[in-house]
Participant: 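I'd like to ask some things about the structure below.
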2 protein chains.
Amino acid sequence: MDNKIKIGIVGFGTIGKRIADAVQLQNDMELVGVTGRTYNYRIQLAKDKGIKIYPFPGYEDELAQNGIQFAGTFDDLLDNVDIIVDCSPKPYGKENKEKYYLPKGVKAIFQGGEKSDAGEVSFVAQCNYNEALNKNYVRVVSCNTTGLSRTLNAIDKLYGIKKCQAMLVRRGTDPHDVKKGPLDAVVPTLKLPSHHGPDVQTVMPNLDIFTTAIIVPTTIMHMHSVNVQLQNPASKEEVLELLKNTQRVRIVRNAEKVNSTAAIMELAKDLGYKRGDMMDICVWDDSVNVYGNELYFMQAVHQESDVVPENIDAIRAMMGFQDKEFSMRMTNQSLGLK
Amino acid sequence: MDNKIKIGIVGFGTIGKRIADAVQLQNDMELVGVTGRTYNYRIQLAKDKGIKIYPFPGYEDELAQNGIQFAGTFDDLLDNVDIIVDCSPKPYGKENKEKYYLPKGVKAIFQGGEKSDAGEVSFVAQCNYNEALNKNYVRVVSCNTTGLSRTLNAIDKLYGIKKCQAMLVRRGTDPHDVKKGPLDAVVPTLKLPSHHGPDVQTVMPNLDIFTTAIIVPTTIMHMHSVNVQLQNPASKEEVLELLKNTQRVRIVRNAEKVNSTAAIMELAKDLGYKRGDMMDICVWDDSVNVYGNELYFMQAVHQESDVVPENIDAIRAMMGFQDKEFSMRMTNQSLGLK
């Protein structure tokens with residue numbers, strides 16, 4: 001008897017292809033198939049690897065004309081899965097929910113680009129796994145929100161956070177994307193707070209946080225410069241120790257010349273992670289400083305991959321798997337995380 | 001009895017670390033150790049992986065102060081290897097040859113940044129493997145020269161090349177390098193021909209080639225726009241077939257949306273290559289065109305990795321391994337190349 005969790009992936013782009021890989025690494029999950037829209041090297045590679053492909057409605061012809069065979073219709077995919085992980089760009093996830101998943105009663109996960117009401121819960125495993133237990137619709141928050149939640153949750157639990165300010169320096173677009181910018185400007189977000197602060201509050205509702213954001217001409221990682229007013233006293237060494245022991249957070253060392261986002265990406269490649277992904281939030285050791293009750297630190301977020309383990313844990317929670325720590329451990333181990 | 005070829009690597013940067021990985025994948029080779037200079041994440045990772053580290057003379061203190069233990073002195077490394085692969089930045093390879101390798105009578109490979117007289121042969125496996133047989137000093141040519149040699153050699157052998165012109169669009173610097181540019185300018189090489197044409201002639205002495213080069217603000221891949229006057233008639237389809245069947249050359253398809261260097265790098269990541277490397281020279285299918293006796297095509301070169309398989313084959317040739325095709329096949333297979 002096969003009691004693996006059956007997963008379908010809708011949207012096979014930056015996030016979708018990574019989650020497909022991650023699902024295939026889980027002993028308790030089965031990748032039923034992925035959907036294709038436009039024809040491209042990603043869907044061709046899925047075909048080459050023998051992954052089952054289902055056409056997103058309206059895209060049958062383009063895919064078929066390029067030699068993609070289908071394992072069935074989109075409806076067939078929905079009928080044969082326990083959960084859909086929807087990785088469509090916003091706002092198509094929520095549209096798909098209304099049009100397809102709700103009528104069929106299919107559970108679904110949405111990504112952080114969707115508005116928070118796409119899911120019953122906005123999810124970061126180490127913060128609120130239990131809230132997603134047995135839910136039908138869960139939204140895994142965005143890369144930046146995930147990054148802030150991982151570190152701030154640990155700090156809040158140990159010291160209490162009175163107030164937090166974070167300045168986000170955002171990458172312009174993803175490395176493969178040759179059509180977007182900015183190429184040669186710095187772009188401030190002029191509606192404040194930036195949406196990230198309120199989004200962190202969907203995960204940590206009691207956190208007093210204000211965020212600002214600017215976009216810079218780079219494709220590799222976001223960076224956060226964070227200031228936290230602590231309720232209880234801390235030292236630099238204690239905070240470093242705390243973050244070192246926090247799941248999916250990594251301390252990177254200036255002494256090892258890991259002193260830029262470029263160096264972190266190079267380190268991830270050298271570590272042998274597939275696609276050179278860095279799923280851990282990286283905090284620079286020398287950036288951690290405590291002045292009175294104020295804590296400062298800087299962290300980098302790999303926008304293409306940090307949410308991948310969260311999606312895997314969300315699947316388990318929605319299927320009623322009770323043991324958060326065990327789920328996170330399985331996920332981490334399968335992905336080569338610490 | 002252990003009759004593996006014993007390799008030492010001097011210089012553990014972009015090329016050195018990749019060759020170290022590649023050597024460890026060869027059944028007939030043993031990585032004796034690598035040298036460290038400044039302390040950084042690369043050398044820390046070598047330590048973490050259990051690779052033996054030997055200090056480059058003068059750098060003992062910096063490494064030791066950062067917790068790097070040595071397997072011996074630099075002299076010990078030289079005494080215990082069959083071949084040194086020197087991956088130092090120019091002109092240190094040649095300096096090391098005069099100072100260390102010649103006096104000790106140690107065979108050594110140099111990289112393409114060195115002047116051509118660093119080696120007795122300038123090497124590209126598929127062009128002139130046999131010339132490197134049993135040699136003591138071989139220079140593996142640069143990434144661009146390797147790229148031009150691979151495709152032009154195949155074309156020359158089948159059709160004969162009367163004359164070739166290539167415009168090279170060069171990446172500004174490597175992805176990890178945060179100190180170099182240009183960030184916001186296009187830089188023409190004003191001493192013509194650019195050094196690439198004459199360098200290709202060190203591999204293919206009878207080729208009539210003229211190259212121009214400009215540097216652009218990107219870190220991912222060089223691109224070549226190539227024009228060839230053919231001696232014998234060819235068709236687009238025949239040339240595509242030829243290049244498709246040429247080792248370490250890959251046809252990339254515009255129809256699959258592989259239509260930029262960024263897409264090639266993304267494809268390499270999706271293919272699962274370590275570090276997202278693309279060791280094949282990538283020729284765009286739709287760029288191959290024939291007008292009369294003129295052939296046009298465009299190709300992309302991953303500057304960080306295309307010379308890695310060449311270094312492995314050069315090692316075998318220098319040790320007297322006669323079978324070029326078998327060496328290339330072993331190398332390709334171990335690295336996951338076609």
Participant: Would you find more than 12 non-hydrogen atoms of other residues, nucleotides or ligands less than 6.0 Å from A:K47 atom NZ?
Facilitator: yes

Participant: For B:V178, is it the side chain, the backbone, both, or neither that has a heavy atom closer than 4.5 Å to a heavy atom of chain A?
Facilitator: side chain

Participant: Should the heavy atoms of other residues, nucleotides or ligands under 6.0 Å from NZ of A:K236 be counted, would the total exceed 12?
Facilitator: yes

Participant: So for B:D184, is it side chain, backbone, both, or neither that comes closer than 4.5 Å to the heavy atoms of chain A?
Facilitator: side chain

Participant: In terms of heavy-atom pairs under 4.5 Å with chain B, which of A:R42, A:R275, A:H176, A:K17 leads?
Facilitator: A:R275

Participant: Which pairs count as side chain to side chain donor-acceptor pair (under 3.5 Å) when at least one residue sits in residues 48-57 of chain A, sequence neighbours excluded?
Facilitator: A:Q44-A:D48

Participant: Of the backbone (N, CA, C, O) and the side chain (C-beta and beyond), which part of A:E62 lies under 4.5 Å from a heavy atom of chain B, both, or neither?
Facilitator: side chain

Participant: With respect to chain B, which residue among A:T14, A:L45, A:T38 yields the maximal number of heavy-atom pairs within a distance under 4.5 Å?
Facilitator: A:L45

Participant: Go through the atoms of B:E304 and report whether side chain, backbone, both or neither lie under 4.5 Å from a heavy atom of chain A.
Facilitator: side chain

Participant: Is the CD atom of A:Q333 crowded by more than 12 outside heavy atoms at less than 6.0 Å?
Facilitator: no

Participant: Is chain A contacted by the side chain of B:L271, its backbone, both, or neither, given a heavy-atom distance below 4.5 Å?
Facilitator: both

Participant: Considering only heavy atoms, give the residues of residues 260-269 of chain A separated from chain B by less than 4.5 Å, sorted numerically, with 'none' for an empty result.
Facilitator: A:S260, A:A262, A:A263, A:E266, A:L267, A:K269

Participant: Between CG of A:N259 and CG of B:N40, what distance do you get to the nearest 0.5 Å?
Facilitator: 10.0 Å

Participant: Should we count OH of A:Y92 as having more than 12 external heavy atoms under 6.0 Å?
Facilitator: no

Participant: Would you say that more than 12 heavy atoms from the other residues, nucleotides or ligands in this model lie under 6.0 Å from the NZ of B:K338, or not?
Facilitator: yes

Participant: Can you tell me how far apart CD (B:E256) and OH (A:Y39) are? Round to the nearest 0.5 Å.
Facilitator: 4.0 Å

Participant: Are there residues of residues 214-225 of chain B whose heavy atoms fall under 4.5 Å of chain A's heavy atoms? If so, which?
Facilitator: none

Participant: According to side chain to side chain contact (heavy atoms under 4.5 Å, CB included), who are the partners of A:T246, at least two apart in sequence or on a separate chain?
Facilitator: A:Q126, A:A154, A:L242, A:L243, A:V249

